[in-house]
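Can you keep this structure in mind? I'll have questions shortly.
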Amino acid sequence: MFFHLWAISALCAVTLSAPFAPGSASRPEEMKVLSDYFHMLATKVQEGRNMAMAPICDISKATLPVASPTPLAGPAEGMTLKHVAIGRGIQNYTCSTTNATAAPKPIGAVATLYNASCVAATYPDLLNILPKLALEFSITPENQELGPSNLVVSGHHYFTNNTSPFFDLNTSGLELGVAPCQKNSSVPAPAGAVVGQNNQGLGAVAWLKLTTRSGATGGLQEVYRVNTAGGSPPKICEGMPATFEIQYSAEYWFFGSS
Ligand SMILES: *[C@@H]1O[C@H](CO)[C@@H](O)[C@H](O)[C@H]1NC(C)=O
Ligand SMILES: *[C@@H]1O[C@H](CO)[C@@H](O)[C@H](O)[C@H]1NC(C)=O
Ligand SMILES: *[C@@H]1O[C@H](CO)[C@@H](O)[C@H](O)[C@H]1NC(C)=O
Ligand SMILES: *[C@@H]1O[C@H](CO)[C@@H](O)[C@H](O)[C@H]1NC(C)=O
Ligand SMILES: *[C@@H]1O[C@H](CO)[C@@H](O)[C@H](O)[C@H]1NC(C)=O
Ligand SMILES: *[C@@H]1O[C@H](CO)[C@@H](O)[C@H](O)[C@H]1NC(C)=O
């Protein structure tokens, strides 16, 4: 019974939420993403029927994806995986309004984090298409529901200044801690990464390793941003306003000492 509950909760987390209308998909890219997603879900359900025992949500079984061809430096010795989240939000940039060839400057990001720990542990292939799926749907302060998924909010991501990403994983559900961070290393998103919503087509933001600054709680020490979708600005400022946002989604992996 215990095993079955886990399988159901892992799959339910990514199945249809009630108010979602599949008919709202209009663009070909959106249709393709949705159809891949539901095809994969259907396959999981079919596989589940043939399994003697349903998969267990054991987060220690989840493996951090590393970008290829350039791999991102992995977690330090002794790190334990604490949480995996799908982030959905915006990357903010500023642009020179007087120099058309200047490059946009990143000034931070704001994203809602959704609990994907069990999906990471049981269905890594499904996890890895979630940023692509999430990017196709908009969230608003009033409606934080992530497209057709039932993923539950597990935290918030924002910046405290231009170089200080911050993660708050203390929710009413569970207090996993807070993580003020700094960039440790970065590799370009692999070729073939999802370029952006609404055919913005500007590219996916880099994969990152962040380390926590003083003030982190819950033993959080390292945060990875991988399987990014969208978020990159245009190469130059021509035609851009002084500040602007680019939609993005990504997986965030949180590690710490146990
Ligand atoms: C405009 O930006 C480009 C690229 O950063 C730079 O090479 C150039 O010197 C800048 N021009 C002016 C007038 O600041
Ligand atoms: C990014 O843009 C959002 C929406 O305009 C804003 O609420 C947020 O404060 C901005 N963040 C930064 C770091 O500028
Ligand atoms: C994520 O979901 C799993 C399964 O429902 C649960 O055990 C875990 O506590 C959740 N984590 C957070 C941070 O909400
Ligand atoms: C940004 O915030 C971090 C952490 O609080 C701090 O160490 C750093 O000096 C700040 N940087 C700037 C430019 O204010
Ligand atoms: C968040 O949760 C951690 C871990 O349970 C706890 O130590 C901390 O006091 C909470 N609040 C903040 C702001 O870190
Ligand atoms: C990255 O993290 C490793 C291990 O935590 C540390 O030794 C190294 O100095 C860090 N590098 C940068 C550029 O912060």
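Owing to the predicted nature of the structure, the values given are computational and were not obtained by experimental measurement. Counting convention: from 1, in listed order, for ligands and their atoms alike. The first residue in the sequence is number 1, and the count goes up from there. Worth knowing before you read on, the calculation uses all heavy atoms, side chains too, and leaves out hydrogens, waters and symmetry mates.
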Per atom 1 (C) of ligand 5, closest listed option by heavy atom (Leu176, Thr171, Asn170): Asn170

Check: Asn170 side chain, Gly177 main-chain N or O, donor-acceptor pair, under 3.5 Å: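 Yes, Asn170 side chain to Gly177 backbone: donor-acceptor pair under 3.5 Å.
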
Centroid-centroid distance, Phe167 to Tyr252, less than 6.0 Å: yes

Lys82 side chain to Ser257 backbone, donor-acceptor under 3.5 Å: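 Side chain of Lys82 to backbone of Ser257: a pair is present.
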
Nearest option to atom 14 (O) of ligand 3, as decided by whichever heavy atom of Val84, Asn115, Leu169, Val119 sits closest: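 Among Val84, Asn115, Leu169, Val119, the closest heavy atom to atom 14 (O) of ligand 3 belongs to Asn115.
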
Ring-ring centroid check Phe255 Tyr224, cutoff 6.0 Å: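 Yes, the ring of Phe255 comes within the 6.0 Å limit of the ring of Tyr224, centre to centre.
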
Closest protein heavy atom (residue, atom, distance) for atom 4 (C) of ligand 5: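 Nearest protein contact, heavy atoms only, for atom 4 (C) of ligand 5 is Glu175 O, 3.7 Å.
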
Side chains of Pro165 and Phe159 in contact at under 4.5 Å (non-hydrogen atoms):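 Pro165 reaches Phe159 side chain to side chain.
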
Element-labelled atoms of ligand 3 that are located less than 4.0 Å from some non-hydrogen atom of Leu174: 9 (O), 11 (N), 12 (C), 13 (C)

Closest to atom 8 (C) of ligand 6 (judged by heavy-atom distance), picking from Thr212, Asn184, Thr211: Asn184

Cys57 touching ligand 3 at heavy-atom level, < 4.0 angstrom: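 The answer is no, since Cys57 has no heavy atom less than 4.0 Å from ligand 3.
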
Student check: side-chain heavy atoms of Lys105 and Pro233 closer than 4.5 Å: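 When only atoms from C-beta onward are counted, Pro233 and Lys105 do not touch, as no gap falls below 4.5 Å.
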
Residue, atom name and distance, where the atom is the protein heavy atom closest to atom 7 (O) of ligand 5: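 The closest heavy atom on the protein side is Thr217 CB, 3.9 Å.
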
For ligand 3, the portion of Ser117 having any non-hydrogen atom under 4.0 Å away: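 For Ser117, there is no contact with ligand 3 at all, from either part.
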
